[in-house]
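All chains are named by letter (A, B, ...) in the order of the sequence lines, taking the proteins before the strands, and each is independently numbered beginning at 1.
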Amino acid sequence: MQNILQELNDKQKEAIQNTDGPCLIIAGAGSGKTKVLTYKIAYLIQEMGIKPWNILAITFTNKAAEEMRQRAEKLIGENINDLWLGTFHSICVRILRKFIDRLGYDTSFVIFDTSDQKTLVKNCMKELNIDTKLLTEKSVLNAISNAKNEMLEPEQYSLKYAGDFRKETIGKVYTLYQKRLKDNNAVDFDDIINFTIKILMENPDILDYYSTKFRYILVDEYQDTNKAQFTLITLLASKYGNITVVGDNDQGIYGFRGADIANILNFEKDFPGTNIIKLEQNYRCTGNILKVANAVIKHNQNKYEKKLWTENDEGTLPYIFCGKDEYSEAEFLIENINRLKREEYFKYSDFAILYRMNSQSRAIEDKLRIENIPYKIIGGLKFYERKEIKDAIAYLRLISNQSDNFALERIINEPKRGVGKTSLDNIRNIAIQNNISMYEVIKNASDFIPRIYENTRQFVEVIEELKSTECTISELIMQVLNKSGYIQALKDENTIEAETRIQNIEEFVTVANEFENESAENTLTEFLNGIALASDTDNLENSDDVVTLMTLHSAKGLEYPAIFLVGLEEGIFPGYQSMDNPEDIEEERRLFYVGVTRAKQFLFLTFAKRRTIFGSTSYNPPSRFLKEIPKEILDGYEKAMEEKDKNEEFENSNVEWNYKNHYNKADFSNVITYQAKDLSNSTSTKFGRTAESFLASIQAKKNTDVDLSKFKVGQKIYHKKFGQGVISKLEPEEDDIKVDIDFEKAGHKRLMAKFAGLEILE
DNA sequence: ACGGGCGTCTTTTTT
DNA sequence: AGACGCCCGT
């Protein structure tokens with residue numbers, strides 16, 4: 001242990017040796033936060049003789065938990081399975097599995113994910129005859145989640161907002177929503193924390209047990225905790241008060257989902273006698289990258305002001321680049337990936353491309369694919385969100401818990417069994433009237449509803465058989481999907497998509513197989529748990545040599561030698577929905593700070609003059625965050641601004657343009673959105689051309705000499721920009737032909753024959 | 001019951 | 001641009 005402490009700087013040492021009483025560690029990006037936490041765990045166990053089961057350590061993701069466990073075990077040199085180490089949710093689920101019966105739930109409860117929640121809200125609103133045009137399900141779900149974050153139960157919520165018609169309605173939905181969850185023996189994400197709190201508060205014996213057990217509590221990423229999480233740790237720490245929280249108020253980026261940065265700001269008030277330790281030495285980034293980070297974040301109001309410094313080299317200047325559009329932005333990324341590979345011997349896995357929202361990945365992917373650069377995407381459409389996987393999970397859920405009406409609704413007609421909307425409504429109503437589960441309704445359907453009886457008999461038999469079968473989870477998946485006819489239905493489809501689905505299911509079986517091989521205690525319930533609480537970054541492996549694409553949020557806690565921060569435009573980053581609220585802008589700025597500080601050696605900041613997103617094209621000014629960086633510490637500044645101000649030469653295009661001011665709400669007058677559609681008004685554009693003259697210039701490019709008879713399906717053609725391709729479809733339009741072409745490299749495109757300048761190949 | 005077609009709406013981030 | 005919901009015809 002002596003030599004371990006020697007590996008730490010003075011502040012880090014102080015943070016570790018400060019074991020008793022409340023301790024707030026303000027840890028700047030790259031300051032060795034994880035190191036401090038793991039060493040502190042090791043220190044407690046080895047130096048202070050604390051038993052692992054008397055320590056609770058809470059992290060933000062499962063991946064962070066796993067990493068921390070491994071690093072701590074390496075330090076100590078033995079397994080520390082008895083240490084409670086996990087996310088808020090996984091820790092609470094563990095407690096709930098033991099004690100949720102005190103709230104009248106069964107300990108085999110299921111966890112509802114976001115889409116289950118949505119469906120449930122929808123059903124509730126329907127049942128209450130609430131017009132979804134006046135009150136959208138999304139806003140209701142949001143309101144419910146906010147209420148739960150503030151720890152208001154339905155009755156309290158209704159009471160608090162009595163007199164407010166809108167909120168009274170929401171209160172009614174909330175009440176029913178909560179009842180239906182209970183009917184299904186289900187909890188949602190927020191319930192996991194809140195129910196644990198409730199159990200601890202209502203049962204002194206349980207509170208005493210856990211607050212005695214957890215003599216030392218450590219919490220990571222404290223800036224991203226919410227009110228409920230704060231309450232929970234306050235309860236657990238109530239006996240000993242040995243609580244260490246680590247966080248960085250400049251990295252709080254989850255305000256949108258209820259995280260309250262006030263938690264970290266008020267910690268010293270909430271826990272009197274707090275010792276505050278600031279870790280300001282950065283070990284990750286070059287000096288210049290840190291300068292960028294510091295320059296931007298200082299525009300935020302800040303309580304714990306800190307100035308990150310480093311002994312690392314200054315490094316090269318971060319590069320700023322302006323692309324013509326999102327594709328030229330992507331080309332810039334590729335050039336630099338190739339350059340650094342060549343000049344610095346970088347691997348693909350040394351690069352990460354970070355964007356504000358998932359939909360931005362598309363253009364980048366297109367280019368990466370064309371250039372044959374291997375990549376992977378974190379987030380977006382997740383494995384467990386695919387239809388076939390959700391279906392398989394629903395079957396498992398129903399087998400493990402027959403009162404799970406949601407699982408039943410999902411799969412009762414999957415594959416098709418002739419149970420449509422009408423039958424389903426019937427089943428649901430009978431279930432509600434008799435206060436039994438929908439599964440019970442169909443199981444006992446025989447006498448009163450013959451049609452349902454016939455159509456669901458085989459389904460019930462399969463569930464009945466498998467619920468009492470002793471077999472492994474992977475076998476169970478295969479059996480249920482085979483016996484239910486699910487796989488057969490996919491095979492009968494005989495399409496490539498169905499084939500992919502079957503492969504995904506096979507992958508799912510593999511996952512299940514690995515899970516059950518890990519430990520004999522890994523039951524079906526545990527498996528379903530793990531899935532519900534899994535996040536995508538959890539499975540992020542660095543073994544493949546590929547470029548990583550992800551949102552800035554997913555990048556939290558990670559680091560890469562080279563980082564591309566793309567889409568740095570007003571309206572994109574910061575996003576337009578945060579632009580009228582100074583607090584939201586500060587959160588965006590923290591997000592920018594997080595992005596910048598992921599980079600170890602190279603940082604590229606890019607924006608595009610023109611961008612097509614959500615189906616319309618807009619010209620956004622560069623992000624305000626770029627302007628907050630002194631231009632002396634940016635490479636390529638002049639060039640980028642020149643490109644930005646350059647008058648654009650419209651490309652050969654076959655679309656007519658019409659513009660409208662898209663951002664009038666945000667008072668953002670220099671943003672103009674162009675939208676492809678009919679050309680009716682003739683207001684002049686930003687570039688001093690009228691729409692007519694623009695149309696005329698397009699018309700002039702139209703080549704009337706094209707011999708349309710040469711265009712046939714299967715014909716090989718050549719396009720100046722897209723290269724070689726084959727015509728897959730023709731569609732006459734006025735005096736022209738719309739041609740669908742599969743290009744070898746550029747993929748599928750639809751062009752007008754007379755505009756595109758296609759060469760016929762032999 | 002079911003599938004296709006059409007129109008509308010929505011675009012943030014996720015444990 | 002794409003997802004989703006609704007309506008209609010079978």
Side-chain angles (χ1 to χ4, degrees), chain A residues 58-65 86-93 111-115 117-119 122 132-133 136-139 142 145 148-149 188-193 220-221 224-226 228-229 252-259 354-363 378-382 384-385 387 412-426 451-452 455 530-538 550-557 567 571-579 584 587-588 590-592 594-595 611-618 662 675-677 750:
Chain A
I58 302 174
T59 58
F60 192 71
T61 61
N62 298 304
K63 188 190 176 228
T87 62
F88 272 101
H89 292 90
S90 69
I91 298 280
C92 287
V93 165
I111 300 163
F112 268 22
D113 67 15
T114 319
S115 71
Q117 284 179 283
K118 257 193 212 150
T119 320
K122 208 162 81 189
T132 49
K133 283 192 182 90
T136 64
E137 47 183 83
K138 208 182 148 193
S139 67
N142 240 324
S145 184
K148 288 186 175 186
N149 276 328
D188 67 19
F189 264 111
D190 302 314
D191 288 338
I192 291 175
I193 314 286
D220 194 8
E221 309 280 11
D224 284 321
T225 52
N226 63 24
Q229 291 165 335
I253 55 175
Y254 283 96
F256 68 92
R257 72 169 200 225
L354 311 182
Y355 35 78
R356 179 67 241 267
M357 54 192 170
N358 282 311
S359 54
Q360 285 173 265
S361 72
R362 179 173 236 103
I378 310 300
L381 30 132
K382 296 175 195 160
Y384 294 119
E385 278 170 11
K387 182 184 182 315
I412 184 63
N413 206 27
E414 203 68 61
K416 302 271 173 281
R417 294 188 181 87
V419 184
K421 200 176 161 300
T422 320
S423 301
L424 204 53
D425 284 347
N426 255 330
R451 188 195 170 91
I452 293 174
N455 289 338
I531 289 169
L533 299 178
S535 78
D536 266 1
T537 31
D538 294 342
M550 64 189 142
T551 63
L552 285 142
H553 283 86
S554 301
K556 171 166 156 168
I572 306 285
F573 189 20
Y576 74 88
Q577 51 282 71
S578 54
M579 292 207 294
D584 289 349
E587 180 150 317
E588 297 281 306
R590 292 194 290 271
L591 195 55
F592 185 87
V594 167
R611 182 179 301 274
T612 306
I613 205 144
F614 305 137
S616 64
T617 303
S618 52
H662 185 71
Q675 202 150 34
K677 252 302 166 270
R750 180 173 293 174

Closest to side chain of A:K416, choosing from B:dT13, B:dG3, B:dT15: B:dG3

Which part of the nucleic acid does A:S423 contact within heavy-atom distance under 4.0 Å: base, sugar-phosphate only, or nothing? sugar-phosphate

Separation of B:dT13 atom C1' from A:F592 atom CZ, nearest Å, is 17 Å

Under 4.0 Å, heavy atoms only, any strand: does A:D224 hit a base, just the sugar-phosphate, or nothing? nothing

In whole Å, what is the span from the CD atom of A:Q360 to the P atom of B:dT11? 16 Å

Looking for any heavy atom pair under 4.0 Å, which part of the strands does A:G575 touch: base, sugar-phosphate only, or nothing? nothing

base_contact_polar (B:dT13 base, A:R356 side chain, donor-acceptor, <3.5 Å): yes

Run the salt bridge (charged side-chain N to carboxylate O under 4.0 Å, His left out) test against A:E587 and tell me which residues pass, sequence neighbours left out. A:R590

Between CD1 on residue A:I192 and CZ on residue A:F112, distance to nearest 0.5 Å: 12.0 Å

At under 4.0 Å between heavy atoms, which parts of nucleotides 2-10 of chain C does protein reach? Answer with one letter per nucleotide, 5' to 3': B base, S sugar-phosphate only, - none. S--S-----

Quick note, A:K138 side chain, CB onward, closest among B:dT11, B:dT15, B:dC2 is B:dT11

With stacking defined as ring centroids separated by under 5.5 Å and planes differing by under 30°, is A:F256 stacked against B:dT13? yes

Parallel, tilted or perpendicular, judged at 30° and 60°: which one describes the rings of A:F592 and A:F573? tilted

OG of A:S578 to CZ of A:R356, rounded to nearest 0.5 Å, is 6.5 Å

Parallel, tilted or perpendicular: rings of A:H553 and A:Y254 (30°, 60°): perpendicular

At 4.0 Å (heavy atoms only), tell me whether A:F60 reaches a base, stays on the sugar-phosphate, or touches nothing. sugar-phosphate

Mind checking A:T612 for me? I need base, sugar-phosphate or nothing, with any heavy atom below 4.0 Å counting as a touch. nothing

Could you tell me which residues satisfy side chain to side chain donor-acceptor pair (under 3.5 Å) with A:N455, sequence neighbours excluded, listed by chain and number? none

Of the listed B:dC2, B:dT14, B:dT15, the closest approach to the A:T551 side chain comes from B:dT14

